[in-house]
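The structure appears below as structure tokens.
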Amino acid sequence: MTTTQTSPPDPRAMLREANLRVTGPRLAILEALENRPHSDADTVLKAVREGYGAVSMQTVYDALHAMTAHGIIRRIEPAGQSALYERRIGDNHHHLVCRRCATIVDIPCAVGETPCLTAAHESDLSAGFEIDEAEVTYWGVCAECRAKTPPG
């Protein structure tokens with residue numbers, strides 16, 4: 001399956017618009033997430049150290065937190081896994097996770113113009129809520145893992 005995506009916005013401009021300082025580590029983190037979407041903090045740290053040089057884990061955590069809080073990156077938390085980060089924001093896409101190898105695939109929202117923002121069943125519990133985001137995680141087994149398991 002091929003999805004068409006536009007080029008991500010300029011990292012420097014994104015940081016400036018959020019009133020965050022443009023620093024080498026922040027730019028390196030954004031580059032790491034562009035090249036390795038759905039990465040945990042340890043993976044980001046390794047990539048930043050490879051491409052940028054010495055940086056502390058605390059610097060990476062602080063930058064991930066700040067950029068998430070300002071909507072520059074997205075944090076996802078599949079059940080049973082560490083928090084993961086990605087640069088793809090603003091389109092309210094969902095995720096498909098393989099139960100065996102933990103591969104994560106972006107899945108477009110299946111519902112209309114305002115993706116999945118209308119609850120299928122409204123009740124007294126949802127009265128008064130203004131929904132602005134939906135987070136859906138589909139679980140299954142990817143084709144590669146299924147091919148490794150003999151039918152039976």
Side-chain angles (χ1 to χ4, degrees), residues 1-20 22-23 25-48 50-52 57 59-123 125-149:
M1 176 175 102
T2 305
T3 56
T4 305
Q5 283 186 316
T6 58
S7 303
D10 174 53
R12 286 176 171 81
M14 292 175 73
L15 291 167
R16 285 186 192 109
E17 286 172 19
N19 291 318
L20 293 174
V22 177
T23 65
R26 286 180 177 156
L27 293 172
I29 288 167
L30 290 171
E31 181 180 343
L33 290 174
E34 183 63 30
N35 295 326
R36 297 170 185 87
H38 312 126
S39 291
D40 64 12
D42 288 333
T43 302
V44 172
L45 176 66
K46 289 175 190 166
V48 169
E50 287 172 12
Y52 177 76
M57 181 55 129
T59 297
V60 169
Y61 275 121
D62 290 347
L64 289 170
H65 176 74
M67 290 189 287
T68 300
H70 285 87
I72 295 171
I73 61 175
R74 182 176 176 189
R75 176 184 168 124
I76 59 172
E77 299 181 58
Q81 295 186 21
S82 299
L84 305 172
Y85 299 88
E86 66 181 344
R87 283 196 60 188
R88 186 173 170 187
I89 57 169
D91 66 350
N92 198 225
H93 68 279
H94 306 309
H95 297 95
L96 174 60
V97 182
C98 179
R99 291 185 188 280
R100 295 186 189 157
C101 68
T103 293
I104 298 180
V105 178
D106 289 336
I107 301 292
C109 185
V111 178
E113 298 274 326
T114 343
C116 301
L117 298 183
T118 302
H121 174 66
E122 296 202 15
S123 68
L125 297 175
S126 64
F129 272 84
E130 182 180 318
I131 300 171
D132 61 13
E133 182 178 3
E135 189 170 309
V136 176
T137 303
Y138 299 97
W139 293 87
V141 179
C142 70
E144 190 172 319
C145 288
R146 283 193 347 263
K148 292 178 187 175
T149 305

If only side-chain N and O atoms count, and only distance matters, is there a donor-acceptor pair under 3.5 Å linking D62 with T59?
no
Say you draw a straight line from [atom1] of [X] to [atom2] of [Y]; how long is it, rounded to the nearest 0.5 Å?
X: T23; Y: Y52; atom1: OG1; atom2: OH; result: 7.0 Å
X: L84; Y: I76; atom1: CG; atom2: CD1; result: 5.0 Å
X: S39; Y: I73; atom1: OG; atom2: CD1; result: 10.5 Å
X: T137; Y: I104; atom1: OG1; atom2: CD1; result: 8.0 Å
X: R146; Y: C98; atom1: CZ; atom2: SG; result: 9.5 Å
X: L96; Y: H94; atom1: CG; atom2: NE2; result: 12.0 Å

With heavy-atom distances below 4.5 Å as the criterion, would you say the side chains of [X] and [Y] are in contact?
X: Q81; Y: V97; answer: yes
X: M67; Y: R74; answer: no
X: W139; Y: P78; answer: yes
X: I107; Y: H93; answer: no
X: E86; Y: D106; answer: yes

Show the numbers, then the answer: is there a side chain to side chain contact (heavy atoms under 4.5 Å, CB included) between I72 and E17?
CA-CA 10 Å; I72 295 171; E17 286 172 19; over 6 Å; no
Look at the side chain of T68 and the backbone N and O of L64, then say whether any donor-acceptor pair between them is shorter than 3.5 Å.
yes
Would you confirm whether H70, through its side chain, and A66, through its main-chain N or O, come within 3.5 Å as a donor-acceptor pair?
yes
Run the side chain to side chain contact (heavy atoms under 4.5 Å, CB included) test on T43 and H38 for me, step by step, so that the C-alpha distance in whole Å, both residues' side-chain angles and the decisive distance to 0.1 Å come before the verdict.
CA-CA 10 Å; T43 302; H38 312 126; over 6 Å; no
P11: which of V22, L27, I29, L33 passes side chain to side chain contact (heavy atoms under 4.5 Å, CB included)
L27
Show the numbers, then the answer: is there a side chain to side chain contact (heavy atoms under 4.5 Å, CB included) between R16 and N19?
CA-CA 5 Å; R16 285 186 192 109; N19 291 318; over 6 Å; no
For the pair E77 and R75, find out whether any cationic side-chain nitrogen is under 4.0 Å from an anionic carboxylate oxygen.
yes
With the threshold set at 4.0 Å, does a side-chain nitrogen-carboxylate oxygen contact exist between R36 and E50?
yes
Taking every non-hydrogen atom, the tightest pair across Y61 and A41
CE2-CB, 3.6 Å
Tell me the closest heavy-atom pair linking R100 and C145, and the distance in Å.
NH1-O, 3.2 Å
Using the rule given for side chain to side chain contact (heavy atoms under 4.5 Å, CB included), can you reason through M14 versus L20, listing the C-alpha separation, both sets of side-chain angles and the distance that settles it, and then say yes or no?
CA-CA 9 Å; M14 292 175 73; L20 293 174; over 6 Å; no
Taking atom CD of E144 as the centre, report whether more than 12 heavy atoms of other residues, nucleotides or ligands fall under 6.0 Å from it.
no
